[in-house]
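Take a look at the structure set out below.
Note that the coordinates shown come from a computational prediction; the quantities given were computed from them, not determined experimentally.
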Amino acid sequence: MLSHLPDEILIQILVRLPVKSLLRFRSVSRTWNSLITSQPFIGLHLSHSIEAAGGTNTDSSSIFLRHYSHSRRRQLNTVYRDDGGESLAEDQELEFPIKTYDTYYYVGACNGLICLADYLINHLRVVLWNPSIRTCFRVPIPRLIDTDNAHIYTVGFGFDRRTGQYKVMRMIYAVSRNYERLIPPEVEVYVLGSDRWRSIDCHVPYLVPESSPQAFFCGGIHWVGCREDQSMVIVVFNVQEEVFQEIEIPRSIRHRNMHRLSVCSHRDSLYLLENDPWRDGKFMLGVFDIWVMEYGVKESWTKQFSIDVRGERGGGLLKRVLGFRKEGKILAVNEEEELISYDKKGRRVNQHGIRGLAKSFEAIPHLECLVLLKGTDGFDGQMSSCS
């Protein structure tokens, strides 16, 4: 019956279907397969998924959770449904599609694609993973830096809305003999669909640690970094223009330990997370301050609230704050290395019974998409599939 519908109506029906159904429908006919794997349809489906999620990548009804499980002694990758209630419902557990003994670390996510990198001195491997279709793409290995110094890389991942291109960038820091990273770094960019990395000519007077969490927001990759005068700043790589910018942070925390600050985004706001144990002359472990700004207006920084669950059942000292759930609840890891949610309005803590190595937890808003679907974009022969 659907085959007799006009193409415009058929597309409007298919674009609203979940990825799992669309993958099955590829076998209906060559025409359907050609339609579903075409770039215009993949783009329409992505736009509809973002609109259904509230218009942003960070307001999805699903969470992709990565963590190292002590009980199972391995890294787990699991999708949970988030309906805004107290609990998270497990949807599916996924195997990482590359069989390796190396550890791939989370870089960032955008439009349902997850970027992971294997950080090794003088070596870098990057993969882009689409859990929705259980497929990943191995980014070409960048050139080796042939010098006497060791090198460490900071990697970022984002999307250029103007061109529809996904980009991976890396900052290449030379390491001195006393193990200091030398500023400025070299910068290279890889565009998904190309066959090589390319250098860009820009001055980057910042140190951004390889472990610094990123937030892709308003077309830019954001990290907390350090100027040459040791003051902290938010470093921004504009993915479209391929230039670096900076956003000043509140003066009161500008000289904090860089590893006590991180950025994240939720809906239409950029947040700065502060975890400094010294507060008003007192030593208070496990408490986080959440700062928010009117984007781009440095004078608008406001300490929105503090997360202190030391006296709450299931709370205790917080080791990490991971980000926000769909309805604004905070996802965090407590001192027992258990994933919890915190409702700041009702001051309630919910334990999720998910335990693991605290530093291994990553919670990523999960958006279904068809990007990297095999047979499109000329990616054949460079893909890995997970059964």
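Note on Arg355 versus Glu338: salt bridge recorded, some NZ/NE/NH1/NH2 to OD/OE distance being below 4.0 Å. The pair Lys20-Glu368 does not meet the salt-bridge criterion, since no charged nitrogen lies less than 4.0 angstrom from a carboxylate oxygen. Taking the charged nitrogens against the carboxylate oxygens, Lys345 and Glu327 have no contact shorter than 4.0 Å, which rules out a salt bridge. Ion pairing between Glu274 and Lys303 fails under the 4.0 Å rule for side-chain N and carboxylate O. For Asp276 and Arg256, the salt-bridge test passes: some basic side-chain N is under 4.0 Å from an acidic carboxylate O.
Under the 4.5 Å side-chain criterion, counting only non-hydrogen atoms from C-beta, Lys298 is not in contact with Glu246. In this structure, Asn111 and Val371 have side chains that are not in contact, with every pair of non-hydrogen atoms separated by 4.5 Å or more. Here the side chains of Ile247 and His222 are in contact, with some heavy-atom distance below 4.5 Å. A 4.5 Å side-chain heavy-atom check between Ser252 and Trp291 finds at least one atom pair inside the cut-off. Side-chain atoms of Val19 and His45, non-hydrogen and from C-beta on, do get closer than 4.5 Å to each other. Counting heavy atoms from C-beta on, the side chains of Gln39 and Ile42 come closer than 4.5 Å. With a 4.5 Å cut-off on side-chain heavy atoms, Phe324 and Cys264 count as touching. The side-chain heavy atoms of Gln351 and Ile340, taken from C-beta on, include a pair separated by under 4.5 Å.
Separation of atoms CD (Gln92) and CG (Asn77) is listed at 11.0 Å; rounding is to 0.5 Å. To the nearest 0.5 Å, the span separating SG on Cys110 from NZ on Lys167 amounts to 12.0 Å. With rounding to the nearest 0.5 Å, the separation of NE2 in His203 from CD1 in Ile183 is 9.0 Å. Atoms CD and CG, on Glu51 and Leu46 in that order, are 11.5 Å from each other to the nearest 0.5 Å. In this structure, Leu339 CG and Arg320 CZ are separated by 10.5 Å, a value rounded to the nearest 0.5 Å. Taking OG of Ser21 as the reference point, atom CG of Leu14 lies at 10.0 Å (rounded to 0.5 Å).
Of the candidates Arg348, His352, Lys329, Ser341 forms a side chain to side chain donor-acceptor pair (under 3.5 Å) with just one, namely His352. If you run ring pair (Phe, Tyr, Trp, His ring centres under 6.0 Å) between His67 and each of Phe361, Tyr106, Tyr80, only Phe361 comes through. Exactly one of Arg134, Arg74, Arg66 qualifies for a salt bridge (Lys or Arg N to Asp or Glu O under 4.0 Å) with Glu93. That residue is Arg74.
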*asked:* Would Arg347 and Tyr342 count as a side chain to side chain donor-acceptor pair (under 3.5 Å) here? Give the steps.
replied: CA-CA 7 Å; Arg347 293 190 57 83; Tyr342 175 64; 3.2 Å; yes
*ring-ring contact (aromatic ring centres under 6.0 Å, His included) evaluation trace for Phe244 with Tyr206*: CA-CA 10 Å; Phe244 282 85; Tyr206 313 106; 7.1 Å; no
*Report the C-alpha distance between Phe41 and Leu370 in whole Å, list the side-chain angles of each, state the deciding distance to 0.1 Å, and finish with yes or no for side chain to side chain contact (heavy atoms under 4.5 Å, CB included).*
CA-CA 9 Å; Phe41 182 83; Leu370 294 167; 3.8 Å; yes
*For Val349 and Asn334, what are the C-alpha separation, side-chain angles and deciding distance, and is it a side chain to side chain contact (heavy atoms under 4.5 Å, CB included)?*
CA-CA 11 Å; Val349 174; Asn334 65 14; over 6 Å; no
*asked:* For Val126 and Val107: C-alpha separation, side-chain torsions, deciding distance, then whether side chain to side chain contact (heavy atoms under 4.5 Å, CB included) applies.
replied: CA-CA 9 Å; Val126 179; Val107 173; 5.9 Å; no
*Test Asn130 against Leu373 for side chain to side chain contact (heavy atoms under 4.5 Å, CB included), laying out the working first.*
CA-CA 9 Å; Asn130 184 343; Leu373 189 58; over 6 Å; no
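In this structure a side-chain-to-backbone donor-acceptor pair under 3.5 Å is present from Arg16 to Gln12. A side-chain donor-acceptor contact under 3.5 Å links Thr37 to the backbone of Asn33. Remark: the backbone N or O of Glu210 is not paired with any side-chain donor or acceptor of Trp223 at under 3.5 angstrom. Using a distance-only test at 3.5 Å, with no hydrogens or angles considered, a donor-acceptor pair links the side chain of Thr154 to the main chain of Val208. Side chain of Glu337 to backbone of Ala358: a donor-acceptor contact under 3.5 angstrom is found. A distance-only check finds a donor-acceptor pair linking the side chain of Ser27 to the backbone of Arg24 [under 3.5 Å]. Arg254 places a side-chain N or O within 3.5 Å of a backbone atom of Ile249 that can act as its donor or acceptor partner. A donor-acceptor pair under 3.5 Å is formed between the side chain of Arg325 and the backbone N or O of Gly85.
Side-chain heavy atoms closer than 4.5 Å link hydrophobic residues (I, L, V, M, F, W, Y) into clusters, and following such links, even through other members, never connects Val243 to Phe159. Taken together through direct or relayed side-chain contacts under 4.5 Å among Ile, Leu, Val, Met, Phe, Trp and Tyr, Val239 and Val187 form part of one hydrophobic cluster. Under the 4.5 Å side-chain heavy-atom criterion for grouping Ile, Leu, Val, Met, Phe, Trp and Tyr, Leu113 is connected to Ile133 within one hydrophobic cluster. Put simply, Leu116 and Tyr68 are part of two different groups of oily side chains (I, L, V, M, F, W, Y) that touch within less than 4.5 Å, one to the next. Placement of Leu65 and Leu76 in two distinct hydrophobic clusters is found when ILVMFWY residues are connected by side-chain heavy-atom separations under 4.5 Å, directly or transitively.
Contact detail for Val175 and Tyr179: the closest heavy-atom pair is CG1-CA, 3.6 Å. The shortest heavy-atom contact between Glu95 and Trp129 is O-CZ2, 3.7 Å. Of all heavy-atom pairs between Glu335 and Gly316, the closest is OE2-CA, 3.4 Å. Between Val235 and Gly225, the shortest heavy-atom contact is CG2-CA, 4.0 Å. The minimum heavy-atom distance between Ser231 and His255, with the atom names listed, is CB-CE1, 3.7 Å. Scanning both residues, Leu182 and Ser176, for their nearest heavy atoms gives CD2-CB, 3.9 Å.
Tyr295 and Phe217 have perpendicular rings, their planes meeting at more than 60° on a 0 to 90° scale where under 30° would count as parallel. Aromatic ring pairs are classed by plane angle as parallel below 30°, tilted from 30° to 60° and perpendicular above 60°; the pair Phe96 and Tyr104 is tilted.
Other residues, nucleotides and ligands place no more than 12 heavy atoms under 6.0 Å from the CD atom of Glu294. For CG of Asp201, the number of neighbouring non-hydrogen atoms (other residues, nucleotides, ligands) closer than 6.0 Å is 12 at most.
No side-chain N or O of Glu186 forms a donor-acceptor pair with one of His151 less than 3.5 Å apart.
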